Amino acid sequence: MLEGKLVNLRALEPGDVDREFQWVNDRDVTRYLTIRYPMAKGEEERWLNDRPANDFRNTVLAIETKDGVHIGNIGLEDGQPENRKASLGIMIGDKTYWSNGYGSDAIVTLLRFAFHEMNMNRVWLHVHDFNEHAQTCYKKVGFVEEGKLRQNAYQEGRYFDTIAMGILRSEFDELYGGDADA
Amino acid sequence: MLEGQLVRLRRPELTDAERCYRWFNDQDVVGNLIAQRYLISLAEEERFLRGMPEMSYSNGGILAIETKDGRHIGMTSFYDVRMEDSQAGLAITIGEKEWWSKGYGGDAVLTLVGFGFHQMNLNRVWLTTVEYNKRAIACYKRCGFREEACLRQDVFRHGRYWDFVQMAILRQEFDEQQEGGHRA
(Lines give C-alpha, C1' and ligand atoms only; values in the text may rest on other atoms or scores of the structure.)
Protein backbone atom coordinates (compact mmCIF):
# COMPACT_ATOMS: atom_id res chain seq x y z
CA MET A 1 0.00 0.00 0.00
CA LEU A 2 1.33 3.45 -0.93
CA GLU A 3 -0.14 6.08 1.36
CA GLY A 4 -0.93 9.59 0.20
CA LYS A 5 -2.71 12.39 2.03
CA LEU A 6 -6.18 11.69 0.56
CA VAL A 7 -5.73 8.32 -1.11
CA ASN A 8 -3.97 4.98 -0.85
CA LEU A 9 -2.65 3.05 -3.85
CA ARG A 10 -2.89 -0.75 -3.91
CA ALA A 11 -2.53 -3.54 -6.48
CA LEU A 12 -5.62 -4.40 -8.53
CA GLU A 13 -7.65 -7.47 -7.58
CA PRO A 14 -9.93 -9.69 -9.72
CA GLY A 15 -12.80 -8.44 -7.52
CA ASP A 16 -12.39 -4.92 -8.97
CA VAL A 17 -13.89 -6.12 -12.26
CA ASP A 18 -17.38 -4.61 -11.96
CA ARG A 19 -16.10 -1.09 -11.37
CA GLU A 20 -13.39 -1.39 -14.04
CA PHE A 21 -15.97 -2.67 -16.54
CA GLN A 22 -18.26 0.27 -15.85
CA TRP A 23 -15.49 2.90 -16.07
CA VAL A 24 -13.84 1.76 -19.31
CA ASN A 25 -17.25 1.73 -21.00
CA ASP A 26 -18.23 5.21 -19.76
CA ARG A 27 -17.56 7.67 -22.59
CA ASP A 28 -17.50 10.60 -20.11
CA VAL A 29 -14.42 8.89 -18.67
CA THR A 30 -12.75 7.43 -21.77
CA ARG A 31 -13.02 10.51 -24.00
CA TYR A 32 -10.11 11.88 -21.98
CA LEU A 33 -8.10 8.65 -22.37
CA THR A 34 -6.96 6.57 -25.34
CA ILE A 35 -9.62 3.89 -24.77
CA ARG A 36 -11.98 3.81 -27.75
CA TYR A 37 -13.70 0.46 -28.27
CA PRO A 38 -16.40 -0.96 -25.97
CA MET A 39 -15.00 -3.72 -23.77
CA ALA A 40 -16.70 -6.93 -22.62
CA LYS A 41 -16.76 -7.88 -18.97
CA GLY A 42 -14.97 -11.11 -19.86
CA GLU A 43 -12.14 -9.13 -21.46
CA GLU A 44 -11.84 -7.00 -18.37
CA GLU A 45 -11.82 -10.13 -16.19
CA ARG A 46 -9.11 -11.73 -18.30
CA TRP A 47 -7.04 -8.55 -18.08
CA LEU A 48 -7.32 -8.47 -14.28
CA ASN A 49 -6.61 -12.19 -13.88
CA ASP A 50 -3.79 -12.56 -16.39
CA ARG A 51 -1.82 -9.37 -15.98
CA PRO A 52 1.75 -9.93 -14.74
CA ALA A 53 2.91 -8.69 -11.34
CA ASN A 54 3.73 -4.99 -11.11
CA ASP A 55 7.35 -4.24 -11.96
CA PHE A 56 9.70 -1.65 -13.45
CA ARG A 57 8.30 -2.00 -16.95
CA ASN A 58 4.60 -1.81 -16.06
CA THR A 59 2.70 -0.99 -12.88
CA VAL A 60 -1.04 -0.40 -12.42
CA LEU A 61 -2.51 0.47 -9.03
CA ALA A 62 -6.02 1.04 -7.68
CA ILE A 63 -6.71 4.48 -6.16
CA GLU A 64 -8.71 4.22 -2.93
CA THR A 65 -10.00 6.96 -0.67
CA LYS A 66 -8.88 6.73 2.95
CA ASP A 67 -12.19 5.02 3.77
CA GLY A 68 -11.56 2.33 1.18
CA VAL A 69 -13.66 3.43 -1.82
CA HIS A 70 -12.01 2.40 -5.10
CA ILE A 71 -12.35 5.49 -7.34
CA GLY A 72 -9.91 4.89 -10.18
CA ASN A 73 -6.55 3.58 -11.37
CA ILE A 74 -3.08 5.02 -11.84
CA GLY A 75 -0.06 3.45 -13.48
CA LEU A 76 3.37 3.68 -15.03
CA GLU A 77 3.90 2.18 -18.47
CA ASP A 78 6.85 1.62 -20.76
CA GLY A 79 9.45 1.71 -17.97
CA GLN A 80 12.88 1.83 -19.62
CA PRO A 81 15.78 0.89 -17.34
CA GLU A 82 18.50 2.47 -19.51
CA ASN A 83 16.68 5.80 -19.74
CA ARG A 84 15.11 5.51 -16.25
CA LYS A 85 11.82 6.88 -17.48
CA ALA A 86 8.20 5.80 -17.69
CA SER A 87 4.89 7.27 -18.80
CA LEU A 88 2.12 8.00 -16.31
CA GLY A 89 -1.56 7.31 -16.89
CA ILE A 90 -4.48 8.01 -14.54
CA MET A 91 -8.24 7.53 -14.60
CA ILE A 92 -10.66 8.67 -11.92
CA GLY A 93 -13.50 6.43 -13.06
CA ASP A 94 -15.97 7.40 -10.33
CA LYS A 95 -17.15 10.81 -11.60
CA THR A 96 -18.46 11.89 -8.20
CA TYR A 97 -14.81 12.15 -7.09
CA TRP A 98 -13.66 14.43 -9.94
CA SER A 99 -12.17 17.84 -9.06
CA ASN A 100 -11.56 17.13 -5.39
CA GLY A 101 -7.80 16.70 -5.34
CA TYR A 102 -7.82 12.88 -5.31
CA GLY A 103 -6.11 12.67 -8.70
CA SER A 104 -3.35 15.11 -7.74
CA ASP A 105 -2.70 13.28 -4.50
CA ALA A 106 -2.55 9.93 -6.31
CA ILE A 107 -0.05 11.39 -8.80
CA VAL A 108 2.26 12.82 -6.13
CA THR A 109 2.09 9.50 -4.27
CA LEU A 110 3.00 7.50 -7.37
CA LEU A 111 5.73 9.97 -8.40
CA ARG A 112 7.35 9.62 -4.98
CA PHE A 113 7.35 5.85 -5.43
CA ALA A 114 8.69 6.19 -9.01
CA PHE A 115 11.56 8.51 -8.07
CA HIS A 116 12.46 7.22 -4.60
CA GLU A 117 11.73 3.48 -4.81
CA MET A 118 11.99 2.62 -8.52
CA ASN A 119 14.88 5.01 -9.21
CA MET A 120 13.23 6.73 -12.17
CA ASN A 121 14.78 9.93 -13.50
CA ARG A 122 11.84 11.16 -15.57
CA VAL A 123 8.09 10.60 -15.75
CA TRP A 124 6.18 11.85 -18.77
CA LEU A 125 2.58 11.92 -19.97
CA HIS A 126 0.38 12.90 -22.88
CA VAL A 127 -2.90 14.78 -22.42
CA HIS A 128 -5.55 15.91 -24.92
CA ASP A 129 -5.40 19.66 -25.56
CA PHE A 130 -9.14 19.95 -24.74
CA ASN A 131 -8.61 18.40 -21.30
CA GLU A 132 -7.72 21.68 -19.62
CA HIS A 133 -8.77 20.45 -16.22
CA ALA A 134 -6.17 17.66 -16.29
CA GLN A 135 -3.47 20.01 -17.61
CA THR A 136 -4.08 22.36 -14.69
CA CYS A 137 -3.81 19.42 -12.31
CA TYR A 138 -0.56 18.11 -13.85
CA LYS A 139 1.01 21.59 -13.75
CA LYS A 140 -0.06 22.08 -10.16
CA VAL A 141 1.65 18.81 -9.26
CA GLY A 142 4.86 19.95 -11.00
CA PHE A 143 4.77 18.64 -14.57
CA VAL A 144 6.30 20.98 -17.15
CA GLU A 145 4.77 21.40 -20.61
CA GLU A 146 7.31 20.19 -23.17
CA GLY A 147 5.47 20.59 -26.44
CA LYS A 148 2.35 20.11 -28.53
CA LEU A 149 1.88 17.21 -30.95
CA ARG A 150 -0.28 18.53 -33.78
CA GLN A 151 -3.32 16.51 -34.92
CA ASN A 152 -2.09 13.61 -32.82
CA ALA A 153 -5.43 12.07 -31.84
CA TYR A 154 -8.62 11.53 -33.83
CA GLN A 155 -11.96 11.37 -32.08
CA GLU A 156 -15.42 12.95 -32.21
CA GLY A 157 -15.04 13.69 -35.90
CA ARG A 158 -11.73 15.55 -35.98
CA TYR A 159 -8.06 15.56 -35.07
CA PHE A 160 -6.99 17.04 -31.75
CA ASP A 161 -3.57 18.16 -30.56
CA THR A 162 -1.84 16.39 -27.68
CA ILE A 163 0.18 18.16 -24.99
CA ALA A 164 3.43 16.47 -23.91
CA MET A 165 4.50 16.98 -20.29
CA GLY A 166 7.30 15.71 -18.09
CA ILE A 167 8.72 15.93 -14.58
CA LEU A 168 12.31 15.15 -13.57
CA ARG A 169 13.43 13.67 -10.30
CA SER A 170 15.39 16.83 -9.46
CA GLU A 171 12.22 18.89 -9.92
CA PHE A 172 10.16 16.53 -7.78
CA ASP A 173 12.71 16.64 -4.95
CA GLU A 174 12.81 20.43 -5.05
CA LEU A 175 9.00 20.61 -4.76
CA TYR A 176 8.37 17.81 -2.31
CA GLY A 177 11.71 17.23 -0.57
CA GLY A 178 14.07 14.34 -1.07
CA ASP A 179 13.11 12.59 2.15
CA ALA A 180 10.65 9.74 2.13
CA ASP A 181 7.86 11.25 4.24
CA ALA A 182 7.86 14.78 2.78
CA MET B 1 10.29 0.01 -55.63
CA LEU B 2 9.62 3.54 -54.42
CA GLU B 3 11.57 5.97 -56.57
CA GLY B 4 12.95 9.20 -55.12
CA GLN B 5 15.24 11.70 -56.83
CA LEU B 6 18.50 10.22 -55.51
CA VAL B 7 17.41 6.93 -53.96
CA ARG B 8 14.96 4.10 -54.32
CA LEU B 9 13.37 2.17 -51.48
CA ARG B 10 12.88 -1.60 -51.60
CA ARG B 11 12.12 -4.33 -49.07
CA PRO B 12 15.15 -5.79 -47.29
CA GLU B 13 16.51 -9.18 -48.39
CA LEU B 14 18.49 -11.78 -46.44
CA THR B 15 21.52 -10.76 -48.50
CA ASP B 16 21.42 -7.37 -46.71
CA ALA B 17 22.24 -9.02 -43.39
CA GLU B 18 26.01 -8.50 -43.44
CA ARG B 19 25.72 -4.80 -44.19
CA CYS B 20 23.06 -4.33 -41.46
CA TYR B 21 25.26 -6.30 -39.06
CA ARG B 22 28.19 -3.96 -39.82
CA TRP B 23 26.10 -0.75 -39.52
CA PHE B 24 24.25 -1.66 -36.35
CA ASN B 25 27.49 -2.53 -34.59
CA ASP B 26 29.24 0.69 -35.75
CA GLN B 27 29.28 3.03 -32.75
CA ASP B 28 29.41 6.10 -35.04
CA VAL B 29 26.11 4.96 -36.53
CA VAL B 30 24.28 3.64 -33.45
CA GLY B 31 25.50 6.51 -31.26
CA ASN B 32 22.79 8.56 -32.98
CA LEU B 33 20.11 5.87 -32.81
CA ILE B 34 17.90 5.56 -29.82
CA ALA B 35 16.51 2.08 -30.11
CA GLN B 36 19.88 0.51 -30.89
CA ARG B 37 22.20 0.17 -27.94
CA TYR B 38 23.21 -3.46 -27.53
CA LEU B 39 25.52 -5.33 -29.86
CA ILE B 40 23.93 -7.81 -32.27
CA SER B 41 25.35 -10.87 -33.96
CA LEU B 42 25.14 -11.69 -37.64
CA ALA B 43 22.93 -14.66 -36.74
CA GLU B 44 20.53 -12.35 -34.84
CA GLU B 45 20.42 -9.95 -37.78
CA GLU B 46 19.65 -12.83 -40.16
CA ARG B 47 16.95 -14.15 -37.81
CA PHE B 48 15.45 -10.67 -37.63
CA LEU B 49 15.34 -10.29 -41.42
CA ARG B 50 13.90 -13.79 -41.84
CA GLY B 51 11.17 -13.23 -39.22
CA MET B 52 10.20 -9.75 -40.36
CA PRO B 53 6.42 -9.48 -40.98
CA GLU B 54 5.17 -8.26 -44.34
CA MET B 55 4.81 -4.53 -44.84
CA SER B 56 1.25 -3.37 -44.13
CA TYR B 57 -0.67 -0.53 -42.55
CA SER B 58 -0.68 -2.11 -39.10
CA ASN B 59 2.84 -3.59 -39.25
CA GLY B 60 4.42 -0.54 -40.82
CA GLY B 61 7.61 -1.89 -42.31
CA ILE B 62 11.29 -1.55 -42.98
CA LEU B 63 12.69 -0.54 -46.38
CA ALA B 64 16.25 -0.65 -47.68
CA ILE B 65 17.63 2.60 -49.13
CA GLU B 66 19.58 2.21 -52.39
CA THR B 67 21.32 4.75 -54.55
CA LYS B 68 20.06 4.86 -58.13
CA ASP B 69 22.98 2.63 -59.17
CA GLY B 70 21.91 -0.04 -56.71
CA ARG B 71 24.19 0.53 -53.73
CA HIS B 72 22.50 -0.30 -50.42
CA ILE B 73 23.40 2.55 -48.03
CA GLY B 74 20.81 2.48 -45.24
CA MET B 75 17.39 1.59 -43.87
CA THR B 76 14.18 3.50 -43.21
CA SER B 77 10.87 2.46 -41.68
CA PHE B 78 7.39 3.26 -40.43
CA TYR B 79 6.60 1.99 -36.93
CA ASP B 80 3.95 2.45 -34.20
CA VAL B 81 1.27 3.03 -36.83
CA ARG B 82 -2.04 4.03 -35.25
CA MET B 83 -4.97 3.30 -37.50
CA GLU B 84 -7.63 5.57 -36.00
CA ASP B 85 -5.23 8.49 -35.60
CA SER B 86 -3.77 7.87 -39.10
CA GLN B 87 -0.21 8.40 -38.03
CA ALA B 88 3.13 6.65 -38.00
CA GLY B 89 6.59 7.11 -36.54
CA LEU B 90 9.47 7.27 -39.02
CA ALA B 91 13.01 6.01 -38.48
CA ILE B 92 16.03 6.27 -40.78
CA THR B 93 19.69 5.32 -40.73
CA ILE B 94 22.32 5.91 -43.37
CA GLY B 95 24.73 3.16 -42.37
CA GLU B 96 27.41 3.92 -44.99
CA LYS B 97 29.17 6.93 -43.49
CA GLU B 98 30.64 8.20 -46.77
CA TRP B 99 27.05 8.81 -47.88
CA TRP B 100 26.27 11.11 -44.96
CA SER B 101 25.42 14.79 -45.58
CA LYS B 102 24.80 14.39 -49.30
CA GLY B 103 21.02 14.57 -49.42
CA TYR B 104 20.36 10.82 -49.62
CA GLY B 105 18.75 10.64 -46.17
CA GLY B 106 16.45 13.60 -46.87
CA ASP B 107 15.42 12.12 -50.21
CA ALA B 108 14.66 8.77 -48.55
CA VAL B 109 12.58 10.51 -45.85
CA LEU B 110 10.55 12.49 -48.41
CA THR B 111 10.02 9.37 -50.52
CA LEU B 112 8.71 7.36 -47.56
CA VAL B 113 6.62 10.27 -46.26
CA GLY B 114 5.07 10.68 -49.73
CA PHE B 115 4.19 6.97 -49.75
CA GLY B 116 2.69 7.32 -46.26
CA PHE B 117 0.47 10.25 -47.18
CA HIS B 118 -0.50 9.36 -50.75
CA GLN B 119 -0.60 5.55 -50.75
CA MET B 120 -1.32 4.63 -47.11
CA ASN B 121 -3.62 7.61 -46.37
CA LEU B 122 -1.72 8.72 -43.26
CA ASN B 123 -2.42 12.18 -41.85
CA ARG B 124 0.68 12.66 -39.70
CA VAL B 125 4.24 11.34 -39.65
CA TRP B 126 6.42 12.00 -36.61
CA LEU B 127 9.96 11.22 -35.56
CA THR B 128 12.30 11.80 -32.67
CA THR B 129 16.00 12.66 -32.58
CA VAL B 130 18.46 13.06 -29.77
CA GLU B 131 19.43 16.73 -29.31
CA TYR B 132 23.10 16.30 -30.31
CA ASN B 133 22.22 14.91 -33.74
CA LYS B 134 22.17 18.39 -35.31
CA ARG B 135 22.75 17.04 -38.81
CA ALA B 136 19.57 14.96 -38.61
CA ILE B 137 17.50 17.79 -37.13
CA ALA B 138 18.58 20.13 -39.95
CA CYS B 139 17.76 17.43 -42.51
CA TYR B 140 14.26 16.83 -41.12
CA LYS B 141 13.57 20.58 -41.11
CA ARG B 142 14.60 20.78 -44.76
CA CYS B 143 12.14 17.93 -45.43
CA GLY B 144 9.35 20.04 -43.88
CA PHE B 145 9.15 18.52 -40.40
CA ARG B 146 8.37 20.98 -37.61
CA GLU B 147 9.73 20.81 -34.11
CA GLU B 148 6.85 20.04 -31.73
CA ALA B 149 8.34 19.13 -28.38
CA CYS B 150 11.57 19.02 -26.43
CA LEU B 151 11.37 15.99 -24.13
CA ARG B 152 13.80 16.77 -21.33
CA GLN B 153 16.35 14.15 -20.25
CA ASP B 154 14.45 11.60 -22.29
CA VAL B 155 17.36 9.34 -23.19
CA PHE B 156 20.58 8.20 -21.52
CA ARG B 157 23.60 7.82 -23.79
CA HIS B 158 27.33 8.45 -23.47
CA GLY B 159 27.24 8.90 -19.70
CA ARG B 160 24.40 11.38 -19.30
CA TYR B 161 20.78 12.20 -20.07
CA TRP B 162 19.91 14.09 -23.26
CA ASP B 163 16.81 15.85 -24.50
CA PHE B 164 14.79 14.33 -27.30
CA VAL B 165 13.49 16.52 -30.09
CA GLN B 166 10.11 15.41 -31.43
CA MET B 167 9.15 16.57 -34.93
CA ALA B 168 6.23 15.94 -37.27
CA ILE B 169 4.83 16.74 -40.69
CA LEU B 170 1.13 16.78 -41.56
CA ARG B 171 -0.25 15.67 -44.88
CA GLN B 172 -1.55 19.14 -45.66
CA GLU B 173 1.92 20.62 -45.10
CA PHE B 174 3.53 17.97 -47.28
CA ASP B 175 1.07 18.62 -50.10
CA GLU B 176 1.56 22.37 -49.95
CA GLN B 177 5.32 21.96 -50.11
CA GLN B 178 5.09 19.46 -53.02
CA GLU B 179 2.93 21.93 -54.96
CA GLY B 180 5.67 24.48 -54.43
CA GLY B 181 8.13 22.06 -56.04
CA HIS B 182 10.11 21.67 -52.82
CA ARG B 183 12.83 19.02 -52.50
CA ALA B 184 15.02 18.52 -49.46
Side-chain angles (χ1 to χ4, degrees), chain A residues 30-31 33-38 56 77-88 111 114-115 119-129 135 138 142-174, chain B residues 30-31 33-39 57 79-90 116-117 121-131 137 140 144-176:
Chain A
T30 61
R31 74 182 290 263
L33 309 173
T34 53
I35 300 171
R36 197 180 319 247
Y37 297 100
F56 192 91
E77 275 193 329
D78 194 22
Q80 298 179 5
E82 296 92 347
N83 302 317
R84 299 231 154 261
K85 67 169 182 181
S87 78
L88 183 141
L111 286 177
F115 291 129
N119 200 8
M120 291 288 178
N121 176 66
R122 163 183 168 82
V123 174
W124 61 275
L125 58 81
H126 280 174
V127 54
H128 289 309
D129 64 342
Q135 288 168 52
Y138 298 141
F143 278 85
V144 175
E145 195 171 321
E146 295 182 329
K148 180 188 274 190
L149 315 182
R150 297 164 308 143
Q151 299 189 18
N152 185 58
Y154 187 88
Q155 64 186 63
E156 295 157 28
R158 51 162 286 205
Y159 290 99
F160 289 94
D161 296 342
T162 296
I163 309 297
M165 295 181 143
I167 183 169
L168 307 177
R169 180 188 169 155
S170 56
E171 293 166 346
F172 180 85
D173 285 350
E174 219 160 279
Chain B
V30 299
L33 302 180
I34 306 320
Q36 194 68 40
R37 191 182 259 110
Y38 298 104
L39 302 182
Y57 196 105
Y79 66 102
D80 277 0
V81 188
R82 300 210 313 248
M83 297 193 199
E84 296 88 349
D85 301 325
S86 307
Q87 62 163 288
L90 184 147
F117 288 143
N121 202 9
L122 294 176
N123 178 65
R124 166 186 163 86
V125 174
W126 58 272
L127 53 80
T128 52
T129 323
V130 68
E131 59 175 310
I137 294 169
Y140 300 139
F145 282 76
R146 295 194 196 168
E147 237 176 283
E148 291 188 328
C150 175
L151 313 176
R152 298 165 311 141
Q153 300 189 19
D154 202 55
V155 65
F156 186 88
R157 290 306 281 269
H158 316 297
R160 52 162 282 200
Y161 292 99
W162 302 89
D163 296 347
F164 237 30
V165 179
Q166 176 147 12
M167 305 175 92
I169 184 168
L170 305 177
R171 176 176 172 168
Q172 188 191 343
E173 295 165 351
F174 178 80
D175 287 346
E176 279 165 11

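We name chains A, B, ... by the order of the sequence lines, and we start the count at 1 in each one. On a predicted model such as this, the values are computed, not experimentally measured, just so you know.
Remark: the backbone N or O of A/Phe143 is not paired with any side-chain donor or acceptor of A/Glu171 at under 3.5 angstrom. Formation of a donor-acceptor pair under 3.5 Å by the A/Arg122 side chain with backbone atoms of A/Asn83 is not found in this model.
Heavy atoms of B/Arg124 lying under 4.5 Å from chain A belong exclusively to its side chain. Looking at B/Phe164, neither its backbone nor its side chain comes within 4.5 Å of chain A, counting heavy atoms on both sides. If you measure heavy-atom distances from B/Glu84 to chain A, the contacts under 4.5 Å come from both the backbone and the side chain. For B/Asp154, the parts lying near chain A are the backbone and the side chain together; criterion is any non-hydrogen pair under 4.5 Å. Of the two parts of B/Gln153, the backbone and the side chain both hold a non-hydrogen atom closer than 4.5 Å to a non-hydrogen atom of chain A. B/Arg37 touches chain A through its side chain: at least one heavy atom from C-beta onward sits under 4.5 Å away, while N, CA, C and O do not. In this structure, chain B has heavy atoms under 4.5 Å from both the backbone and the side chain of A/Ala153.
Judged by distance alone, the side chains of B/Trp126 and B/Gln166 never bring a donor and an acceptor atom under 3.5 Å apart.
Under the 30°/60° scheme for interplanar angles, the aromatic rings of A/Phe115 and A/Phe172 are found to be tilted.
Separating the CG atom in A/Asn121 from the CZ atom in B/Phe156 is a distance of 9.5 Å, to the nearest 0.5 Å. To the nearest 0.5 Å, atoms CE (B/Met167) and CG (B/Leu90) are separated by 12.0 Å.
Contact tally against chain B (heavy-atom pairs below 4.5 Å) for A/Gln151, A/Arg150, A/Met165: the top residue is A/Arg150.
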